[in-house]
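Here the structure comes first, spelled out in structure tokens, and everything after it is commentary.
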Amino acid sequence: MNRPALLDFDTALSQLLALAEPPAASQSLPTMDALDRVLAADQVSTLDVPPMDNAQMDGWAVRTADLAAGEALPVSQRIPAGASPAPLAPRSVARIFTGAPVPEGADAVVMQEQASLDGERVRFAAVPPAGEWIRRTGEDIRRGATVLAAGTRLTPQALGLAASVGLATLPVRPRLRVACFFTGDELAMPGEPLPPGAIYNSNRFVLGALLRRLGCEVVDLGIVPDTLEATRAALREAARGADLIVTSGGMSVGEEDHVRPALTAEGELRTWQIAIKPGKPLAWGRVRRDGGHAHFIGLPGNPVSSFVTFLLFVRPFVLRLQGATDVAPRVLPMRADFDWPSPDRRREFLRARTNEAGGLDLFPNQGSAVMTSTVWADGLIDTPPSQPIRRGDVVRFLPYAGLL
């Protein structure tokens, strides 16, 4: 029997993302509670930030023209942060602190280390340029500017930016509901006795944690027996309340691999073999339910394959379903401090980590069941098909920091 050609990575990802339709609904959340949610609408500042000229550091607010004569000047006022200062009196200076409003008439701030007290007066070592150590009104944000665009995934610093312009609540997309189950009669849970031929189910922990880190509500349906009937029943149960179903295992073509035929019976299979390593047996489609469908992505059972394909396919798909606009991973050009002389014909994603010399080291065992490699590494090297790597070559590195 002639099998269809493997789908290349870019085509596969493009086809998958084309199926992700962001929700139209939104909800309002307190800004403090909106971490990792996706903005549903542009957020516009109603004020300038900073709202007034203010001091960048502790020192003295001065009128530079008054310092030209080089004489010591009296202190006319003291201005802490939060004060409302009077205009600066002619031929005087004001003691000022970081963040405090610059008084009318002052055109520079002299840091305290560049001045000395002479009795009740202050003497300056040099005349500063106008504008020195002053943060200008609107220097960071202008009134009417868009500070956060729709589709932004809200990081801690994004919440801080929203707060800095007075946004107490934010409109966000609904939390995505994802159902998971794991196939394999050989799977056992940690804490249980390990029968002969069994393995502990690490994928259940990895995939659930990855989904929660993406802000999803996870419905864990546990381990499903290796039968077609049980797999079909699990798909139906998962589809009832989930936006997306993610499974691990049962994606190959063996007699005990039931996810693919179960999906065909309960819905629609779009594709199921990708030209990547690790992770060739990958499928997506949808499962029917009353009034609609749930999206489906089936990952390989080998733990490294499951982890890597989640990062490459499930992560961007989940972000797009949540309404995020930027779903591409960060790619860094980095130097390979190793040789990889025998590449695969498929596109490979190699586990590697940065070293003190600024290059990349490769984990020595790139097998798809070697879970230690995923912990040792701090990213993946994206290697084109059939392309060897020689020490000193520049490679494409996808750091975990941009994927997790």
Side-chain angles (χ1 to χ4, degrees), residues 1 3 16 19 176-212 216-274 278-307 309-310 313-314 317-318 321 368-369 371:
M1 181 178 70
R3 293 181 179 176
L16 176 63
L19 302 176
L176 200 67
R177 187 175 172 88
V178 183
C180 297
F181 65 82
F182 308 86
T183 66
D185 289 341
E186 76 280 12
L187 298 178
M189 287 297 291
E192 299 175 352
L194 197 62
I199 59 172
Y200 286 124
N201 184 2
S202 62
N203 287 346
R204 189 174 184 180
F205 293 80
V206 174
L207 298 184
L210 288 169
L211 288 165
R212 285 188 288 271
C216 299
E217 178 185 348
V218 179
V219 180
D220 186 344
L221 300 179
I223 300 170
V224 174
D226 269 335
T227 68
L228 179 60
E229 294 75 15
T231 307
R232 291 185 63 176
L235 286 174
R236 290 193 297 270
E237 180 182 355
R240 275 198 291 269
D243 303 295
L244 170 66
I245 303 167
V246 176
T247 67
S248 171
M251 288 309 309
S252 294
V253 294
E255 293 180 6
E256 298 301 319
D257 295 311
H258 301 294
V259 173
R260 186 171 60 89
L263 178 61
T264 302
E266 297 295 332
E268 178 185 6
L269 174 68
R270 289 295 182 97
T271 191
W272 66 281
Q273 289 200 331
I274 314 298
K280 181 177 73 171
L282 178 80
W284 60 80
R286 54 188 184 182
V287 180
R288 293 185 300 271
R289 65 178 175 213
D290 290 342
H293 66 269
H295 293 287
F296 171 89
I297 302 179
L299 303 179
N302 278 325
V304 176
S305 300
S306 178
F307 174 70
T309 51
F310 183 100
F313 290 96
V314 180
F317 188 72
V318 164
L321 279 181
S368 60
M371 196 67 182

If I compare all heavy atoms of [X] with all of [Y], which pair ends up nearest, and what's the gap?
X: Val259; Y: Gly249; answer: CG2-O, 3.4 Å
X: Ala239; Y: Ile245; answer: N-CD1, 3.8 Å
X: Thr227; Y: Thr231; answer: O-OG1, 2.8 Å
X: Pro300; Y: Gly279; answer: CG-CA, 3.9 Å
X: Gly197; Y: Glu186; answer: O-CB, 3.8 Å
X: Ala188; Y: Leu194; answer: CB-CD1, 4.0 Å

Residue pairs, two or more places apart or on separate chains, that pass salt bridge (Lys or Arg N to Asp or Glu O under 4.0 Å) and touch residues 283-297: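 The answer is Glu268-Arg286.
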With a 4.5 Å limit on heavy-atom distance, are the side chains of [X] and [Y] in contact?
X: Cys180; Y: Leu211; answer: yes
X: Asn302; Y: Pro278; answer: no
X: Arg270; Y: Leu16; answer: no
X: Thr183; Y: His258; answer: no
X: Phe310; Y: Ile297; answer: no
X: Arg204; Y: Leu187; answer: no

Separation between CZ of Phe313 and CH2 of Trp284, rounded to the nearest 0.5 Å: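 Taking CZ in Phe313 and CH2 in Trp284, the distance rounds to 5.5 Å.
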State the CZ-CD1 distance between Phe181 and Ile223, to the nearest 0.5 angstrom.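 CD1 of Ile223 is found 12.5 Å from CZ of Phe181.
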Chi angles and distances behind the side-chain contact (heavy atoms from CB on, under 4.5 Å) call for Phe296, Leu269: CA-CA 9 Å; Phe296 171 89; Leu269 174 68; 5.8 Å; no
Expected output: side-chain Asp226 to main-chain Asp185 donor-acceptor under 3.5 Å: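 Side chain of Asp226 to backbone of Asp185, a donor-acceptor pair under 3.5 Å: yes, one is there.
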Give a yes or no answer on whether the side chain of Ser248 reaches the backbone of Gly298 with a donor-acceptor pair at less than 3.5 Å.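 No, because the side chain of Ser248 does not come within donor-acceptor range (under 3.5 Å) of the backbone of Gly298.
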Partner residues of Arg177 under the side-chain hydrogen bond (donor to acceptor under 3.5 Å, both in side chains) criterion, sequence neighbours left out: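 Per chain and number, Arg177 pairs via side-chain hydrogen bond (donor to acceptor under 3.5 Å, both in side chains) with Glu217.
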One pair to check against side-chain contact (heavy atoms from CB on, under 4.5 Å): Leu299 and Leu282. What are the steps and the verdict? CA-CA 5 Å; Leu299 303 179; Leu282 178 80; 3.3 Å; yes
Please determine whether side-chain contact (heavy atoms from CB on, under 4.5 Å) holds for the pair Val206 and Ser306, giving the CA-CA distance in whole Å, both sets of side-chain angles, and the decisive distance to 0.1 Å. CA-CA 9 Å; Val206 174; Ser306 178; over 6 Å; no
Set of residues satisfying salt bridge (Lys or Arg N to Asp or Glu O under 4.0 Å) with respect to Arg236, sequence neighbours excluded: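 Result, salt bridge (Lys or Arg N to Asp or Glu O under 4.0 Å) vs Arg236: Glu266.
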Going through the distances and angles, do Val314 and Thr309 end up as a side-chain contact (heavy atoms from CB on, under 4.5 Å)? CA-CA 7 Å; Val314 180; Thr309 51; over 6 Å; no
